[in-house]
Number of protein chains: 2
Amino acid sequence: MKAKLPPRTVERLSIYRRLLDKYKDLDEAHIHSHKLAALLNLTPEQVRRDLMLIGLTGNHRKGYNISALIGLIGDTIDREESQKVALAGIGNLGKAVIGFIRKSNTRMNVVAAFDIDKNKVNTRLAGVPCYEISQAGKIIHDEQIRIAILTVPPEAAAETASLLLDSGIKGILNFTSVHLDVPPHIYLKDYDIITSLEEIGFFITD
Amino acid sequence: MKAKLPPRTVERLSIYRRLLDKYKDLDEAHIHSHKLAALLNLTPEQVRRDLMLIGLTGNHRKGYNISALIGLIGDTIDREESQKVALAGIGNLGKAVIGFIRKSNTRMNVVAAFDIDKNKVNTRLAGVPCYEISQAGKIIHDEQIRIAILTVPPEAAAETASLLLDSGIKGILNFTSVHLDVPPHIYLKDYDIITSLEEIGFFITD
DNA sequence: ATTCATCTGTTATTTTTTTCACATTGCAGC
DNA sequence: GCTGCAATGTGAAAAAAATAACAGATGAAT
């Protein structure tokens, strides 16, 4: 499996799944591309194309079977049963992210959190054990964690990132506004709150 | 001014400015597209084209004048001196976002925060006054706030969003994983942490 | 059983975004 | 003042993404 999919499609698949997860308890067993598109401000064509790309075939009259859809998206974008994630930086943002992940029913699983503050260490945060950052190398290696979330202050970003990469991390979700210099085989995804805000500021119409 | 720019370009312009803001204290007065591109994992062509689109002309030998660049980006993507922003939902995430914005030197300015929790109300959070959500309509209207950040729990998302829109908000940065149904003239930007994580999970290579 | 409206699956088209390629420019060094 | 290297500026090409268009399928209605 695991065909080469466009990044945008992968993003949307994740969104479809999460939306439909809430939907599946309702009466309907099927959903039309129109409906799904309307719920997500997309076009029906876009939805159909995405589902076509993962090989899902819907019923020409009833639409797509919701549970089949959820299952196939899982087969396509998930890896093992659950993927381990480390989080570095237990501030407000770090805590918020842990809470988010825990509440969602993703297969992403935060198994360790790190900070330099010794007061935060050796506790549990929403079930996640917190360690001192100096132990990150060992724990990430031992637990074979591949994905890290970076929520440290900007001044610690570069150093922490390089520590994470040395420990075997392959993908980073970077919340700091610092631009990280990573080797090409590392998947880096930046999220920059200020940029998003300024984009909104530019595009809103009075 | 305010020509029609591609959304991606606007995003990058915001990033250029923030990066160079840190740079401008250094010795160099100019920067080459190569250098800027390398710092941000972009291509030099992309940088040059973005700058071309806003009408910035660099020196063929020395590159782009940093302060001219910062100034012109400001003229292009900023509106007035500062743009007022409201934030709804003073949890960990809300606090983190307020901190982020305050530390960055953007012209975006969070002038009011709202929550239902009466304990959080009538205090100040990093200088931002906190009000009960019931006052949002009045305050947003009186202060002519146009942009809102939504960091409430998912179950309150739809209701809060519609309250914000009724109060005159034109653009929303949505951190809840709930999909909001907004009229076409509203600029909505969703940010979905889980989706980003799952995207990383899909694209990392072992 | 047949018609019909409507939805899917997919090819074609358009639009957007990125990359390529290269003529042009400006400064350093001779 | 030349000469040449190393930038920029930009049209053209390519790639990626979104949209349109429509043939074929299917269940509902008659």
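From a predicted model like this one, the values you see are computed outputs, not experimental measurements. Chain identifiers are assigned alphabetically (A, B, ...) following the order of the sequence lines, protein sequences preceding nucleic acid strands; residue numbering begins at 1 within each chain.
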Nearest-Å distance for atom pair [atom1]/[atom2], residues [X] and [N]:
X	N	atom1	atom2	answer
A:Ile54	C:dT8	CD1	P	14 Å
B:Tyr64	C:dG26	OH	P	13 Å
A:His60	C:dC7	NE2	C1'	8 Å
A:Leu56	C:dG9	CG	P	7 Å
A:Met52	C:dT11	CE	C1'	9 Å

Q) Do B:Arg12 side-chain and C:dT17 base share a donor-acceptor contact under 3.5 Å? A) no
Q | Boundaries of the DNA chain D segment in contact with chain B, non-hydrogen, under 4.0 Å | A |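 Range of nucleotides within reach of chain B: D:dC5 to D:dA12.
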Q) Does NZ belonging to A:Lys138 count more than 12 external heavy atoms closer than 6.0 Å? A)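 It does not: A:Lys138 NZ has 12 such atoms or fewer within range.
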**Q.** Heavy atoms from other residues, nucleotides or ligands near CD of B:Glu155 exceed 12 (cutoff 6.0 Å)
**A.** yes
Q) So do the side chains of B:Val85 and B:Ile149 get within less than 4.5 Å of each other, counting heavy atoms only? A)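 The answer is yes, as the side chains (C-beta and beyond) meet within the 4.5 Å cut-off.
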When you measure from the side chain of [X] to the backbone N and O of [Y], does any donor-acceptor pair fall under 3.5 Å?
X	Y	answer
B:Thr151	B:Gly89	yes
A:Lys84	A:Arg146	no
B:His32	B:Lys62	yes

Q) For the residue pair A:Tyr191 and B:Phe175, does the interplanar ring angle fall in the parallel (under 30°), tilted (30 to 60°) or perpendicular (over 60°) class? A) perpendicular
Q | Cationic N near anionic O, under 4.0 Å, A:Glu199 to B:Arg12 | A | no
Q) Which part of the nucleic acid, if any, lies within reach of B:Thr57 when heavy atoms closer than 4.0 Å are counted: base, sugar-phosphate only, or nothing? A)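 Sugar-phosphate, no base atom in range.
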Q: Let me know, please, whether A:Arg48 or A:Arg61 comes out on the 5' side of the other along DNA chain C by nearest nucleotide.
A: A:Arg61
**Q.** Position toward the 5' end of DNA chain D (nearest nucleotide), A:Lys62 or A:Thr9
**A.** A:Thr9
Q. So, for B:Lys170 and A:Ile204, which heavy atoms are closest and what is the spacing to 0.1 Å?
A. O-CG2, 3.5 Å
Q: Kindly say if A:Asn59 contacts the phosphate of C:dT8, meaning a side-chain N or O under 4.0 Å from OP1 or OP2.
A: no
Q | Positions of residues 34-47 of chain B (non-hydrogen atom under 4.0 Å from DNA chain C), listed by number | A |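 When residues 34-47 of chain B is checked for heavy atoms under 4.0 Å from DNA chain C, the hits, listed by number, are B:Thr43, B:Glu45, B:Gln46.
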**Q.** Closest nucleotide among C:dG9, C:dG26, C:dA12 to the A:Arg49 side chain
**A.** C:dA12
